[in-house]
Amino acid sequence: MANSFATRLAAALLAACLLTAARAEDEAPQPQPSPSAQAPTGQKGRAGRGEAGPNANASANASTAEQHRLPPDSTTKQSVVLPGRTLAFTATAGSIRVFDDKGEPLADIAYTSYQLDGADRASRPVTFLFNGGPGAASGWLQFGNVGPWRLSFDGDGMASSASPDLIPNADTWLDFTDLVFIDPVGTGYSRFVTTSQDERKRFFSVDGDANAIALVIRRWLEKHNRLLSPKYVVGESYGGIRGPKVVHNLQMQQGVGVRGLILISPVLDFREYSGSSILQYVASLPTMAAVARQAKGPVTRDDLADVERYARSDFLIDLVKGQADTDATTRLADRVASLTGIDQAVSRRLAGRFDIGEFRREFDRKNGKVTGRYDASVEGFDPYPDSSNFHFHDPSSDPLMAPLTSAAVDLTTRKLNWRPDGSYHLLSGSVNKAWDFGHGVSPAESVTQLRQALALDPKLKLLIGHGLFDLATPYFASRIILDQLPAFAGGDRTKLVVYPGGHMFYFRDGAREAFRKEVEALVK
């Protein structure tokens, strides 16, 4: 789930075998990141394999590191009965330890993988999935969309007190690809083992984070003998920043090619959709209009063609003219009021320029309600309807925290038999607060790496899925960005699909089923 600005230092991570247990666990040498601030070199680590002397500091800190180590991987045989088929598969809940260039352990990165039994591993696709935040674990994708089991969000499913019981997921992607869910450090059960504040900061930076995830993907492929498999990467929300950077790092630093990049409700560029940029209003207007129209009946993206045309033309022109042109401002404000259902007087007072928080409160203020940010078609009560300030949470996402967390812990500890100590973090506020988006004139964006990755590999394909009612990462922002890509990235190489729903559009049965078909077509 997306957050604010910037890009700064890139962290270089390595992996080298430090302890006897680590050597027994991983037969292949680990790729060693460069100590530079740019990116890992992709060279094989030599320390700790009898090819170089042991590092004194690593030896001194080994005992402390082991106290924080996650338990050994747990591999179990599982099956799930679905309409028309039964899937038998091997599930592994475990972790991959990453090291610095001196052989000192930095972090244990937790993952959950599902590999279909009886498949040829060389030809069987494998897909790596992560969420965003920063600070979000992969439980949202695993238990809401892709995994062999999911939560049901029908009936009372959108309440904090909803039962966390998992049901077989008829729309799992396991039919056509193996699945690896990755939890970046500080999320899920992933944790630091280093006490170095500098090393911790690198993990919580835009490029350091992406480099670490790319390294973990490479290590998983080596560990499970899957380097020959077709590979796909999936990122949700802030995963739109992570995803292209991870793919490009895999290509250039880890020596791993990727067939497809799948982004779910992504943010690709923070530069134009916040702050004082007028493009933020262009990006969000179709979503606001969709929310207003769905209140009167079902709506699809096709029903918003007139709003998209207006956003690209007269709306943008009047925005550029600015409030110095009173005629343009009044014209714009009245048209926005008509499209969104917001009171005309309020729209004129705000010059037709609604930020997300203002729209959420003003849309149904007469009834004392606010809309969701992640799904603005969902409404909840404003706890302070008479306050001049905003004091409300998100009725479309906050109620999901409890059932998703409980489901993740129960599955991991009981069914998959992996029992780490410490707490599971579905969404970590401390990670989000500590995140370094960079400081300077270039806020975080991944369009640069997306262009580079598509140019480097003409066979790489991109699929982006959005929800119509998502105000956190509006679909039209992605549409604008895709339209700016060079011709070599067009045609059937890139595709945008938009469904009725919110940020987690896959919580709706129809959207989840439709998106699964798009992914299956891409993978096959």
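Heads up: numbering here begins at 1 and tracks the sequence.
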Worksheet item: Any sub-3.5 Å donor-acceptor pair from Thr329's side-chain atoms to Ala351's backbone N or O?
Response: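 Pair absent, no side-chain N/O of Thr329 close to backbone of Ala351.
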Discussion item. Could you check whether any side-chain N or O of Ser138 sits under 3.5 Å from a backbone N or O of Asp183, counting only pairs where one atom can act as donor and the other as acceptor?
Written reply: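 Judged by distance alone, no pair lies under 3.5 Å.
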Discussion item. Salt bridge (charged side-chain N to carboxylate O under 4.0 Å, His left out) for Arg516 and Asp175? Distances and angles first, verdict last.
Written reply: CA-CA 10 Å; Arg516 180 191 186 277; Asp175 286 285; 2.7 Å; yes
Fill in: Criterion side-chain contact (heavy atoms from CB on, under 4.5 Å) against Glu222, the qualifying member of Leu227, Val256, Ile96
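Per the side-chain contact (heavy atoms from CB on, under 4.5 Å) rule, the option paired with Glu222 is Leu227, out of Leu227, Val256, Ile96.
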In Å and rounded to the nearest 0.5 Å, what is the [atom1] to [atom2] distance from [X] to [Y]?
X: Leu462; Y: Arg493; atom1: CG; atom2: CZ; value: 9.0 Å
X: Leu482; Y: Lys495; atom1: CG; atom2: NZ; value: 13.0 Å
X: Leu221; Y: Lys231; atom1: CG; atom2: NZ; value: 6.0 Å
X: Asp100; Y: Arg202; atom1: CG; atom2: CZ; value: 9.0 Å

Hey, would you say the [X] and [Y] ring centroids sit under 6.0 Å apart?
X: Tyr506; Y: Phe515; result: no
X: Tyr374; Y: Trp140; result: no
X: Phe192; Y: Phe204; result: yes

Worksheet item: Going through the checks in order, is the salt bridge (charged side-chain N to carboxylate O under 4.0 Å, His left out) test met by Arg293 and Asp303?
Response: CA-CA 9 Å; Arg293 292 182 180 183; Asp303 299 322; over 6 Å; no
Practice prompt. Search all heavy atoms of Pro125 against all heavy atoms of Thr177 and return the closest pair with its distance.
Written response: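 Closest pair (atom of Pro125, atom of Thr177, distance): O-OG1, 3.3 Å.
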Practice prompt. Compare every heavy atom of Leu263 with every heavy atom of Gly243, then report the nearest pair and how far apart it is.
Written response: CA-CD2, 4.4 Å
Can you tell me if [X] and [Y] form a side-chain donor-acceptor pair at under 3.5 Å?
X: Ser113; Y: His224; result: no
X: Trp173; Y: Tyr232; result: no
X: Glu513; Y: Tyr499; result: no

Discussion item. Within a 6.0 Å radius of atom CZ on Arg259, are there more than 12 heavy atoms belonging to other residues, nucleotides or ligands?
Written reply: no
Worksheet item: Between Val233 and Phe130, does a side-chain contact (heavy atoms from CB on, under 4.5 Å) hold up when you go through it step by step?
Response: CA-CA 8 Å; Val233 170; Phe130 42 81; 3.7 Å; yes
Worksheet entry | Candidate pair Arg124 and Asp178, rule salt bridge (charged side-chain N to carboxylate O under 4.0 Å, His left out), full reasoning | CA-CA 7 Å; Arg124 170 80 171 168; Asp178 290 340; 2.8 Å; yes
Worksheet item: Which class fits the ring pair Tyr310 and Phe315: parallel under 30°, tilted 30 to 60°, perpendicular over 60°?
Response: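 Tyr310 vs Phe315 ring planes: tilted.
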Discussion item. Going by side-chain hydrogen bond (donor to acceptor under 3.5 Å, both in side chains), name the residues that satisfy it together with Thr412, two or more places apart in sequence or in a different chain.
Written reply: none
